[in-house]
Peer 1: 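Okay, handing you the structure first.
Per chain, numbering begins at 1; letters A, B, ... match sequence-line order. As a basis for the values below, the full set of heavy atoms in this structure was taken, side chains included, without hydrogen atoms, waters or symmetry mates.
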Amino acid sequence: MYDYLKIEKKWQQQWVESNLYQVKEDKAKPKYYVLDMFPYPSGDGLHVGHPKGYIATDIIARKRSMEGFQVLHPMGWDAFGLPAENYALKNKVHPRVAVEKNIINFKRQLSLLGFSYDWSREINTTDPAYYRWTQWAFLQMWHKGLAYESFAPINWCPSCQTGLANEDLDDGCCERCGTLVEQKPMRQWVLKITDYADRLLNDLDKLPDWEEAIKEMQRNWIGRSEGAEIKFKIKNTTANITVFTTRLDTIFGCTYVVLAPENELLQNLKDKIKNWAEVEKYIEEVKNKTDLQRTDLNKEKTGVVLEGVKAINPFNQEEVLVYAADYVLNSYGTGAVMAVPAHDDRDFAFAIKHNLLIRRVITDETEDDLDEAFTNDGKLIKSGEFSGLNSAEARQKMSDYLEKNDVGQKKINYKIKDWVYSRQRYWGEPIPLIHCKKCGVVAVPESDLPVVLPEVKSYEPTGTGESPLAAITDWVNVDCPQCGAKAKRETNTMPQWGGSCWYYLRYLDPKNEQALVAKDKDKYWSPVDLYVGGAEHATRHLIYARFWHKFLFDIGVVSHEEPFTSLKHVGLIMGEDERKMSKRWGNVINPDDMVERFGADALRVYEMFMGPFDQAAAWNTNGLSGTRKFLEKVNLIFDSREDLPFKEDKTIVALLHKTIKKVSEDIDDFHFNTAISALMILVNGISEYRQINKALPLNKEQLALFLKLLSPLAPHLSEELWEKIGQAESIFLSSWPKYDEKLIKDEIITYIVQVNGRLRAQLEMPADATEREVIDRAQAEVGVIKWLEGKEIKKIIFVPGKLVNFVV
RNA sequence: GCCGCGGUGGCGGAACUGGUAGACGCGCUGGACUUAAAAUCCAGUUGUAGAGAUACAGUGCGGGUUCGAUUCCCGCCCGCGGCACCA
């Protein structure tokens with residue numbers, strides 16, 4: 001009988017008691033660092049989707065360890081941030097209390113699944129001993145000018161009552177609560193991630209083991225575009241309008257210039273603008289539009305001309321109209337564009353509506369009519385000395401012209417914005433800065449770190465742009481560390497992504513009080529060899545962490561430029577109704593129940609068997625009974641009540657060795673589903689043999705090989721059966737099996753016989769049969785003769801070991 | 001609009017660098033065991049025709065290359081994901 005509950009409990013206890021998974025640096029062995037994206041411990045606990053990635057990393061960790069690697073496989077908690085705080089507010093408990101309780105529950109749920117985590121390295125981002133180093137790293141950035149105070153309008157979530165980074169938005173809504181985000185000017189701390197944009201982009205090419213999809217998302221997010229900035233003089237003033245374009249080659253087609261309504265230049269030109277009242281009204285109108293209304297691609301392009309203002313095209317000295325229009329964004333480029341309606345869709349639409357001149361300057365030499373913008377490259381016409389060049393040459397020559405005449409230069413722009421890093425909320429790391437009237441902003445001395453998050457009566461957000469910390473006067477009021485005068489602490493806290501920017505480094509050295517991580521430990525363990533988590537982090541955590549890591553590299557804290565060598569993304573497990581698992585749909589499956597009904601091993605095997613690892617798949621509890629049956633069959637093979645004789649079977653032995661090869665390769669490739677299928681085929685073979693012959697086709701050593709193959713996937717049952725066949729030490733201290741090259745070569749090969757590419761017969765031939773022999777036999781097959789009869793064989797195709805094809 | 005990924009039985013999915021399409025699992029159908037049910041075991045399970053051997057069709061659609069295409073090429077359709085008035 002397969003008593004999974006007893007077996008699983010027994011081994012989970014033994015593994016803990018023997019410290020089986022605790023790991024130390026061992027210079028004699030190669031290291032392997034396999035990491036999960038650590039969870040935020042929510043009050044709802046785990047659903048069956050969460051462990052999918054953890055099962056995969058556990059399989060890899062166990063296999064690598066058996067292969068002789070020193071494996072680091074840690075786990076911890078990302079417990080700061082809005083979700084924890086909102087949960088606490090809703091349930092009227094202190095976030096710390098809620099988090100502690102949730103962690104206990106999460107840990108219990110994880111241990112039910114038998115993961116090989118080294119819990120001695122557990123970390124928690126809300127632990128002052130941990131966030132001391134988050135604050136420390138922030139201070140290093142501040143010292144280097146990478147953290148700065150900004151007063152520009154930012155995303156404000158009226159429900160969460162805090163500022164948010166661009167990365168925290170989904171379709172213009174707060175990623176946490178779904179509320180439409182507003183733009184609100186507000187003092188905030190910002191990290192200069194744009195300084196690292198080029199490196200974050202270029203170094204993606206140094207990551208061949210990252211999935212292309214994730215790299216592509218990051219490329220999109222960083223959004224590099226190469227172009228030029230051009231100064232258009234404003235007639236009768238000393239001022240310029242600087243525009244950014246990627247299509248300098250179209251500049252002779254520029255028939256007007258557009259400023260974003262928020263562009264400061266408009267205010268400066270107030271006196272020159274004859275219709276200022278009208279312009280001001282337009283600016284007001286735009287201000288009242290939400291971002292969503294503004295960026296609706298289908299809406300008509302509105303705008304207003306600036307009467308009395310003309311800009312001068314530096315290439316042909318032509319005077320052009322200047323508009324204010326909200327199809328130009330102030331937050332990208334220079335907040336101004338040169339409009340070339342003939343060669344840009346948006347300018348074209350605007351020009352049609354406002355009846356403006358459309359001048360074609362790029363041709364593809366086919367037709368001349370323009371009923372829409374021609375946006376491809378081509379040959380320049382009507383472009384003065386540049387006429388006749390193709391677009392690419394022209395861009396080069398024209399940017400030389402810009403620089404020579406001091407009217408602009410080449411320029412690279414990025415879509416990624418600096419990271420809005422402060423939150424007006426309670427549950428986060430305090431930003432370790434002090435505001436002094438005399439000295440300005442002063443860093444908290446490193447010896448005073450951590451700045452501990454104080455206890456507070458009300459941790460509800462204030463909504464005023466101040467965090468609840470501002471109300472705790474005895475915490476806020478401090479002496480300036482520089483001049484000793486009365487000063488105030490910064491009261492904003494860090495965002496939820498702060499602590500996760502570097503947590504993977506802390507596992508290397510979790511108790512170090514002298515440094516974020518000791519150099520020798522970093523040298524031994526870094527970088528992370530395998531990182532597994534959800535694709536939703538592609539443009540959030542994964543960009544932020546790469547940014548911090550590069551910074552830590554620059555200041556000499558870590559020795560590698562990239563933190564994660566290979567990255568796999570886990571596909572979601574959907575509910576049985578194919579919707580995302582959520583309380584809202586009532587389709588959540590709890591792993592505790594599944595472990596109770598089917599066992600942890602069956603659950604592990606099922607989640608890996610569902611389909612390709614990176615693909616989303618709908619849950620099906622019936623499928624779980626399939627993997628359970630598989631494990632029952634395995635158990636039956638080893639059932640000691642039947643003392644079956646051993647009668648070796650060559651086919652099954654060969655199958656065993658083929659399975660070793662396949663399972664080894666498939667696990668390395670993350671093809672867990674086909675690895676399991678191969679194991680099922682082997683087990684079916686053994687079971688069938690056992691039933692027919694009342695004997696086992698494999699001896700004890702061979703059965704041991706099979707158990708090792710199964711052990712990363714179903715650790716409890718494998719360990720139990722391993723003990724049953726008389727092994728004293730844990731199976732995870734044994735070595736990964738190797739296949740015998742000689743045994744996996746087939747002696748008999750099945751040839752496919754085709755006539756005109758259609759299957760007509762199958763032929764069993766010895767492996768060493770010659771081409772002649774195979775063809776002769778093939779031709780004599782009954783199923784083949786009738787297709788060849790009375791026809792002339794034009795050609796015979798022979799693929800050794802595979803097939804014969806007669807072409808008639 | 002741009003970029004990426006995908007489309008294979010009733011379902012999840014397999015198929016190495018072009019070589020037996022549907023492995024493995026679920027479900028379903030029939031049978032054995034049972035007073036009965038569950039569990040278990042055995043057989044079948046892409047469609048059409050046929051009692052059957054077998055034949056033909058078949059991997060989103062239309063073409064092409066090839067002795068041979070789920071796989072390669074060209075042109076479409078649909079779904080998912082990312083980015084997006086980004087100049």
Peer 1: Considering only heavy atoms, which members of residues 320-337 of chain A lie under 4.0 Å from some atom of RNA chain B?
Peer 2: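 Residues of residues 320-337 of chain A under 4.0 Å from RNA chain B: A:Asp326, A:Tyr327, A:Val328, A:Leu329, A:Tyr332, A:Val337.
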
Peer 1: Consider side-chain hydrogen bond (donor to acceptor under 3.5 Å, both in side chains). Of A:Trp497, A:Trp419, A:Trp221, which one does A:Glu167 pass it with?
Peer 2: A:Trp221

Peer 1: OP1, OP2 of B:A57 versus side-chain N and O of A:Arg758: anything below 4.0 Å?
Peer 2: yes

Peer 1: Using a cut-off of strictly less than 4.0 Å, decide whether A:Lys802 has a side-chain nitrogen or oxygen near OP1 or OP2 of B:G19.
Peer 2: no

Peer 1: Considering only heavy atoms, which members of residues 208-219 of chain A lie under 4.0 Å from some atom of RNA chain B?
Peer 2: A:Glu216, A:Met217

Peer 1: Rounding to a whole Å, what distance do you find between A:Ile416:CD1 and B:A84:P?
Peer 2: 11 Å

Peer 1: Side chain to side chain donor-acceptor pair (under 3.5 Å) between A:Lys231 and A:Gln409: does it pass, once the steps are laid out?
Peer 2: CA-CA 9 Å; A:Lys231 280 189 249 175; A:Gln409 71 273 319; over 6 Å; no

Peer 1: Please confirm whether the shortest side-chain N or O distance from A:Thr674 to OP1 or OP2 of B:G13 is below 4.0 Å.
Peer 2: no

Peer 1: Indicate whether OP1 or OP2 belonging to B:C24 is found under 4.0 Å from a side-chain N or O atom of A:Asn673.
Peer 2: no

Peer 1: Which part of the nucleic acid does A:Ile681 contact within heavy-atom distance under 4.0 Å: base, sugar-phosphate only, or nothing?
Peer 2: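 Sugar-phosphate only.
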
Peer 1: Can you name the one residue among A:Asp377, A:Thr250, A:Thr246 that meets side-chain hydrogen bond (donor to acceptor under 3.5 Å, both in side chains) with A:Arg395?
Peer 2: A:Asp377

Peer 1: State whether A:Arg760 places a side-chain N or O below 4.0 Å from either non-bridging phosphate oxygen (OP1 or OP2) of B:U20.
Peer 2: no

Peer 1: Can you establish whether the number of heavy atoms outside A:Glu264 located under 6.0 Å from its atom CD is more than 12?
Peer 2: no

Peer 1: Does NZ or CZ of A:Arg546 lie under 6.0 Å from the centre of the six-membered ring of A:Trp210, at an angle within 45° of the ring axis?
Peer 2: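 Yes; both conditions hold, so A:Arg546 lies above the ring face of A:Trp210.
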
Peer 1: Distance under 6.0 Å and angle within 45° of the ring axis: does A:Lys568 meet both against A:Phe670?
Peer 2: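 Relative to the ring axis of A:Phe670, which defines the angle, A:Lys568 lies inside both limits.
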
Peer 1: Between B:U66 and A:Asn805, is there an OP1 or OP2 to side-chain N/O distance shorter than 4.0 Å?
Peer 2: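 No, outside the criterion.
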
Peer 1: Can you find a donor-acceptor N/O pair under 3.5 angstrom joining the side chain of A:Gln754 to the base of B:G19?
Peer 2: yes

Peer 1: Do the charged groups of A:Asp170 and A:Arg540 touch, with an N to O distance under 4.0 Å?
Peer 2: yes

Peer 1: Which heavy-atom pair separates A:Ile749 from A:Gly801 by the least distance, and what is that distance?
Peer 2: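 The answer is CG2-O, 3.4 Å.
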
Peer 1: Could you summarise the pairing of RNA chain B as dot-bracket text, marking Watson-Crick and G-U pairs under 3.5 Å with ( ) or [ ] inside the strand and | across strands?
Peer 2: (((((((..(((......[....)))((((((.......))))))((((....))))..(((((..]....))))))))))))....

Peer 1: Indicate whether OP1 or OP2 belonging to B:G27 is found under 4.0 Å from a side-chain N or O atom of A:Asn622.
Peer 2: yes

Peer 1: Between B:C83, B:A14, B:U20, which one does the side chain of A:Ile752 approach most closely?
Peer 2: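 Among the listed nucleotides, the one closest to the side chain of A:Ile752 is B:U20.
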
Peer 1: Once you apply a heavy-atom cut-off of 4.0 Å, does A:Trp787 come out as touching a base, just sugar-phosphate, or nothing?
Peer 2: sugar-phosphate

Peer 1: Salt bridge check: are A:Glu226 and A:Arg224 linked by an N-O gap of less than 4.0 Å?
Peer 2: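 Salt bridge flag = yes for A:Arg224 with A:Glu226.
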
Peer 1: With a 3.5 Å cut-off and no angle check, do the side chains of A:Asn155 and A:Gln183 form a donor-acceptor pair?
Peer 2: yes

